[in-house]
Amino acid sequence: MTRPRPVTGATRVVGVIGSPVRHSLSPAIHNAAFAAAGLDWLMVAFEVVPGAAPAALAGMRAFGIAGLAVTMPHKDAIAAAVDTLDPAAAALGTANTVVMQPDGRLAGYSTDGAGFLASLHDAGVDPRDLKVAVLGAGGAARSVIDSLARSGAGRIAIVNRSADRAAVAAALAGDVGVVGDSSDIAAADLVINATSIGMGTAHAPCDLALIHPQHIVADLVYHPLETTLLAAARAAGATVVDGLGMLVHQAAIQQHLWTGVWPDPIAMRAAAEHELAARSG
Ligand code: NAP
């Protein structure tokens with residue numbers, strides 16, 4: 001792995017804020033990419049207690065911090081407190097990225113959906129006109145639904161434990177969004193697990209007998225990297241897209257927004273895999 005540059009008075013600083021934040025992969029991913037690009041930038045994790053997102057933005061201004069990655073539970077509060085929002089953040093009411101602009105205004109972005117689309121692109125998948133089944137209706141699901149609708153997906157069925165949340169998520173996709181059930185999973189071209197089921201467990205988010213070789217199966221869960229759903233999809237001969245691709249690409253978009261330089265996603269993915277392996281071991 002590339003040796004990090006020494007920190008000096010000229011080093012530009014970005015942060016990740018969350019609570020809890022100590023398990024965030026963002027510092028490992030971003031600092032690896034800064035080092036690989038030879039950029040004199042550094043990411044630091046800041047534990048920000050719930051309710052303190054506006055104070056964190058004031059601190060960002062005071063310290064001249066160039067950008068923030070934002071994780072739970074601050075994404076909605078940050079979206080409400082920044083000066084401008086990109087279209088995805090405005091539609092979702094959440095922001096996972098803040099950029100300090102040259103005029104001192106703070107711009108909020110949501111990079112998760114675009115990161116997911118980039119992970120599909122890596123697998124050679126274009127969502128235009130596809131029939132999609134999204135399992136889950138939380139924040140990650142809504143980012144994915146919004147980006148798929150903007151990319152021309154043909155039909156997006158939301159399959160979720162809580163029907164009321166499914167309806168709210170489906171509305172994000174306009175005419176192509178519907179509340180679905182297991183028949184939509186079987187009929188889909190693309191099946192996406194956006195629930196937290198499978199994170200740290202062997203549980204699967206749907207009946208695995210529904211998965212067939214023509215499916216493209218994406219899992220947003222990346223710990224473990226090969227979830228029970230993805231293992232079953234691979235065994236069935238389906239195309240498989242793991243959750244680390246989305247994590248890495250949404251981080252790459254963040255870094256481009258902060259620095260103006262596209263980072264090396266391979267260095268980012270290697271850092272994420274190294275960090276996850278260290279945690280598993
Ligand atoms: P969230 O807002 O808490 O939503 C969780 C979703 O999972 C909801 O739809 C919830 O259903 C469903 N769910 C949870 N436990 C369930 C159970 N036992 N049975 C049925 N449904 C269940 O979480 P999130 O922020 O959307 O994150 C979801 C997952 O995506 C997490 O594993 C997270 O790590 C992952 N993620 C990955 C990336 C990436 O870059 N790869 C980015 C963001 C998130 P209800 O609505 O009925 O509660």
Side-chain angles (χ1 to χ4, degrees), residues 16 18-21 23-26 28-30 69-76 78-79 88-89 92-97 109-123 133-148 156-172 177 179-182 185 191-207 217-230 240-255 265 268-269 271-273 275-276 279:
V16 52
S19 184
V21 78
H23 298 299
S24 170
L25 291 175
S26 290
I29 294 173
H30 283 292
V70 181
T71 185
M72 298 307 287
H74 300 304
K75 293 182 179 186
D76 296 5
I78 289 291
L92 298 163
T94 69
N96 72 343
T97 309
Y109 296 82
S110 177
T111 67
D112 277 341
F116 177 71
L117 292 179
S119 75
L120 286 185
H121 185 263
D122 280 352
V134 177
L135 316 181
R142 291 197 296 271
S143 296
V144 164
I145 292 162
D146 176 69
S147 64
L148 288 169
I156 306 176
I158 319 305
V159 183
N160 192 51
R161 175 177 61 180
S162 310
D164 52 341
R165 292 185 90 198
V168 170
L172 277 171
V179 175
D181 58 28
S182 57
I185 300 174
V191 178
I192 302 162
N193 176 36
T195 73
S196 43
I197 300 173
M199 192 166 61
T201 74
H203 294 126
C206 67
D207 178 357
V217 179
D219 203 329
L220 269 50
V221 171
Y222 52 80
H223 191 44
L225 198 51
E226 182 88 338
T227 59
T228 299
L229 173 64
L230 290 190
V240 165
V241 182
D242 72 40
L244 210 48
M246 172 176 171
L247 186 75
V248 162
H249 282 295
Q250 68 77 29
I253 298 164
Q254 291 181 316
Q255 199 162 125
M268 291 181 133
R269 183 167 178 119
E273 287 184 354
E275 187 67 21
L276 287 172
R279 291 175 189 189

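Indexing begins at 1, ligand by ligand and atom by atom, following the structure's order.
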Do [X] and [Y] have side chains that approach each other closer than 4.5 Å (heavy atoms only, starting at C-beta)?
X	Y	value
L92	L172	yes
C206	L229	yes
T97	Q255	no

Check residues 112-122 and write down every donor-acceptor pair under 3.5 Å in which the side-chain atom is one partner and the other belongs to a residue at least two apart or another chain.
residue : atom : partner : partner atom : Å
D112    : OD1  : N96     : ND2          : 3.4
S119    : OG   : F116    : O            : 2.7
D122    : OD2  : H249    : NE2          : 2.6

| field | With H74 via ring-ring contact (aromatic ring centres under 6.0 Å, His included) - residues at least two apart | value |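 None.
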Name every donor-acceptor pair, under 3.5 Å, that has one atom in a side chain of residues 157-169 and the other anywhere in the protein, sequence neighbours excluded.
residue : atom : partner : partner atom : Å
N160    : OD1  : A137    : N            : 3.4
N160    : ND2  : S162    : O            : 3.1

Please give the N or O to N or O pairs under 3.5 Å between ligand 1 and the protein, distances rounded to 0.1 Å.
residue  : atom   : partner : partner atom : Å
ligand 1 : 2 (O)  : G139    : N            : 3.1
ligand 1 : 7 (O)  : S196    : N            : 3.4
ligand 1 : 9 (O)  : A137    : N            : 2.9
ligand 1 : 9 (O)  : N160    : OD1          : 2.7
ligand 1 : 11 (O) : N160    : OD1          : 3.3
ligand 1 : 26 (O) : G139    : N            : 3.1
ligand 1 : 26 (O) : A140    : N            : 2.8
ligand 1 : 40 (O) : L247    : N            : 3.2
ligand 1 : 41 (N) : L220    : O            : 2.9
ligand 1 : 41 (N) : G243    : O            : 2.8
ligand 1 : 46 (O) : N160    : ND2          : 2.9
ligand 1 : 46 (O) : R165    : NH1          : 2.7
ligand 1 : 47 (O) : R161    : NE           : 3.0
ligand 1 : 47 (O) : S162    : N            : 3.1
ligand 1 : 47 (O) : S162    : OG           : 2.4
ligand 1 : 48 (O) : R161    : NH2          : 2.9
ligand 1 : 48 (O) : R165    : NH1          : 3.4

